[in-house]
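Side chains are part of it too, since the values below use all heavy atoms of this structure and drop only hydrogens, waters and symmetry mates. Values in this document were obtained by computation on a predicted structure and should not be read as measured data. Each chain gets a letter, A, B and so on, in the order its sequence line appears, and its residues count up from 1.
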Amino acid sequence: MPAIFTYNKKEKLKSKKLLDELFTQGNSFVVFPIKIFFKVVENKLPDTTIQVGVGVSKKYFKHATKRNRIKRLLRETYRQNKLSLHELLNNNNKQLTVFFLYIDKELISYQTLENKMKIAIEKLIKQLS
RNA sequence: CUACAAACCCGAACUAUCGUGCUGUGGCAAACAGUAAGGAAAGUCUGGACAACACAGAGCAAUUCACCAGUGAAUAGCUGGUUAUGUUUUAAACAUAAAGAAAGUGCCACAGAAAAUAACUACCUGCUUUUGCAGGCAAAGGUGAAAAUGUAAGGUAAGAGCUUACAAUAAGGUGUAGUAAUAUACUUUAUGGGUAAACCUUGAAUGUUGCAAUGCCACGUAUAGAAACGUUUGAGAACUGCUCGUUCAAGUUUCAGGGUAGGCAGCAAAUGAUUGUAACAGUAAUGUUGCAACAAGAUAAAUGAUAGUAAAAAAACAGAAUCCGGCUUACGAGGUUUGUAGUUAC
RNA sequence: GGUCCUGUGGCCGAGUGGCUAGGCAGAGCUCUGCAAAAGCUUCCACACCAGUUCGAAUCUGGUCGGGACCU
């Protein structure tokens, strides 16, 4: 029985090439305070159907602790709500790269961020299908 | 008891569920077990470890430090002591980048006669005759941050450390105390401002560059282009920054363009300037010995979410990136000590 | 991660320890029938905190910004 709510090394978006492609060629939309970049790729991801990255601007949060806090919340909310996205990709046999960028200047609570993340993932599914 | 200030201590517990990095066990798949951020991880101000290069020589430059002793791997640290100054305040405490201004050079605005071989007014002598000229002198003169050590007497034409007495400061000598800085007594000499966080002098020290160092593996590209200089008439390179000197030397430099942007070691610890603890030595910093323990290691970069546990809360400053010592800066709640103020009781 | 540089009005930019130049911009006036140009006047500054000094934009230390280089 494989774990469902995971977010391990394989699922992280690390390759600089894929990131460059995502930001230059990919599509994007905003569910405030999250900006979502996504791009459908073909046969470039080993052993997984999706790779996800998170980020915060150093401009808005100067201290590393606060940036870490935001990134952890983003990872956690994605982890808790990613199930429907995975099902869609497995059914259609697609591969996807996504990047969640936090664009607010204030810290956020877990509950509100989770709600936003649910909306964002629904919207992403809609755009894909 | 309350409030404020300072110093020190401490600085995010435990359980369950879902997840993350690393390590181990696992047909190396699932899974399980272990472990996982600070006192400042910060600033990069400092001292090292470690690594690469260099290590025939000479000179110059540059940088750092500066009372004494101790401590330590160590050169801005720490501990104890000494002197001076300042602040609070009258008796101690606290703070201070504490060699040299009698080696030399520079600077000292404005004001003031004069800011450093002092001479405008004044005073005295001589000449002249009103005016002034020559010489002497440095007591008095409103300034200034700073004015040639102060007081008294003698002395003189007038005066003057010119002489004497007392006092102050500085330097030397001798004795005493102390490891020493220094203190103190006696004695001799001097009384030529301040500034070295101005140049500088003296003493001590420093090879350069930093893990983006460095070694190895894999993959890929253009046996491609242009310009300049050059092959004994020596471009250029090494010997640290410069010069001399020495050695090597046939390619070197710049521009435009192309490719890659992966991995392993360094690097994460059972032998280390390690951590904890106890005893001993020392005023202390610190050291010695015994016992116990091995404790993050990522690379778009790991610690989170939810619920519960004591009345409640889990907060401030803040996130390791080769590793240690120190300094500096930021900081909540609580505790301890000291001080100040107020209130209550005796 | 490491090595360095820098901070002067709204903007640019001089400044041997002794009153912070100058230009552009802004405001007012003159000139003009009205504007522009020109002229005159005016306004607004040494990043912050300590120390050295009689006196600090300048010298020294610390703090906070901004920037450059090394792969």
Side-chain angles (χ1 to χ4, degrees):
Chain A
M1 177 68 193
I4 301 165
F5 300 108
T6 57
Y7 179 63
N8 55 26
K9 250 185 166 178
K10 283 179 191 168
E11 252 181 85
K12 284 183 188 170
L13 182 54
K14 294 180 176 183
S15 163
K16 200 165 184 174
K17 251 186 188 172
L18 287 174
L19 272 168
D20 282 343
E21 275 180 27
L22 174 61
F23 283 123
T24 51
Q25 302 168 21
N27 302 313
S28 70
F29 60 93
V30 175
V31 178
F32 191 81
I34 314 170
K35 186 169 187 179
I36 296 101
F37 297 84
F38 69 97
K39 184 175 187 300
V40 178
V41 295
E42 286 172 7
N43 301 324
K44 288 186 177 173
L45 308 180
D47 306 326
T48 182
T49 55
I50 183 165
Q51 281 197 343
V52 178
V54 296
V56 201
S57 171
K58 201 172 183 178
K59 224 177 189 177
Y60 298 148
F61 294 95
K62 291 204 165 169
H63 293 298
T65 41
K66 290 179 182 170
R67 288 200 300 277
N68 278 349
R69 172 81 189 162
I70 298 280
K71 278 151 75 179
R72 280 166 187 161
L73 290 176
L74 283 170
R75 279 195 212 105
E76 182 67 15
T77 50
Y78 165 75
R79 187 177 72 78
Q80 296 282 1
N81 298 288
K82 68 173 191 173
L83 200 56
S84 51
L85 192 59
H86 271 239
E87 280 176 358
L88 178 77
L89 292 172
N90 283 329
N91 295 341
N92 297 359
N93 207 12
K94 280 184 180 171
Q95 290 190 331
L96 187 69
T97 57
V98 185
F99 195 88
F100 295 101
L101 188 67
Y102 190 81
I103 55 174
D104 200 1
K105 294 181 188 176
E106 309 265 321
L107 282 171
I108 196 169
S109 74
Y110 175 78
Q111 290 296 338
T112 48
L113 188 66
E114 188 170 29
N115 291 334
K116 298 286 181 186
M117 181 60 82
K118 281 177 183 166
I119 298 170
I121 289 178
E122 280 173 23
K123 206 168 174 182
L124 182 58
I125 289 168
K126 222 181 248 178
Q127 294 215 1
L128 285 173
S129 57

Q) Expressed as a whole number of Å, how far does the P atom of B:rG215 sit from that of B:rC267? A) 16 Å
Q: Please name all residues satisfying salt bridge (charged side-chain N to carboxylate O under 4.0 Å, His left out) with A:Glu114, sequence neighbours left out, ordered by chain then number.
A: none
Q) Mind telling me whether B:rG236 is syn or anti, cutoff 90° either side of 0? A) anti
**Q.** side-chain contact (heavy atoms from CB on, under 4.5 Å) partners for A:Glu122, two or more places apart
**A.** none
Q: Tell me the partner of B:rG304, counting only Watson-Crick (N1-N3 plus N6-O4 or O6-N4) or G-U wobble (N1-O2 and O6-N3) with both under 3.5 Å; none if nothing fits.
A: B:rC18
Q | Watson-Crick/G-U partner (both atom distances under 3.5 Å) of B:rG161 | A | none
Q.
The criterion is ring-ring contact (aromatic ring centres under 6.0 Å, His included); which residues satisfy it with A:Phe37, sequence neighbours excluded?
A. A:Phe23
Q.
Is there a side-chain contact between A:Arg75 and the phosphate of B:rA305, meaning an N or O under 4.0 Å from OP1 or OP2?
A. no
Q.
The criterion is side-chain contact (heavy atoms from CB on, under 4.5 Å); which residues satisfy it with A:Asn68, sequence neighbours excluded?
A. A:Lys71, A:Arg72
Are any protein N/O atoms closer than 3.5 Å to N/O atoms in nucleotides 316-319 of chain B? If there are, list each pair with its distance.
unit_1	atom_1	unit_2	atom_2	d
B:rG319	OP2	A:Ala64	N	3.2
B:rG319	N7	A:Asn68	ND2	3.0
B:rG319	O6	A:Arg72	NH1	2.6

Q: Identify whether the glycosidic angle of B:rG207 places it syn (within 90° of 0) or anti.
A: anti
Q: Please tell me which of the listed nucleotides, B:rC18, B:rA305, B:rU303, lies nearest to the side chain of A:Arg79?
A: B:rC18
Q | Watson-Crick/G-U partner (both atom distances under 3.5 Å) of B:rA279 | A | B:rU288
Q | A:Ser28: partners by side chain to side chain donor-acceptor pair (under 3.5 Å), with sequence neighbours left out | A | none
Q.
Anti or syn, where syn is a glycosidic angle within 90° of 0; which label fits B:rU271?
A. syn
(Q) Work out how far the P atom of B:rA148 is from that of B:rA160, and round it to whole angstrom. (A) 15 Å
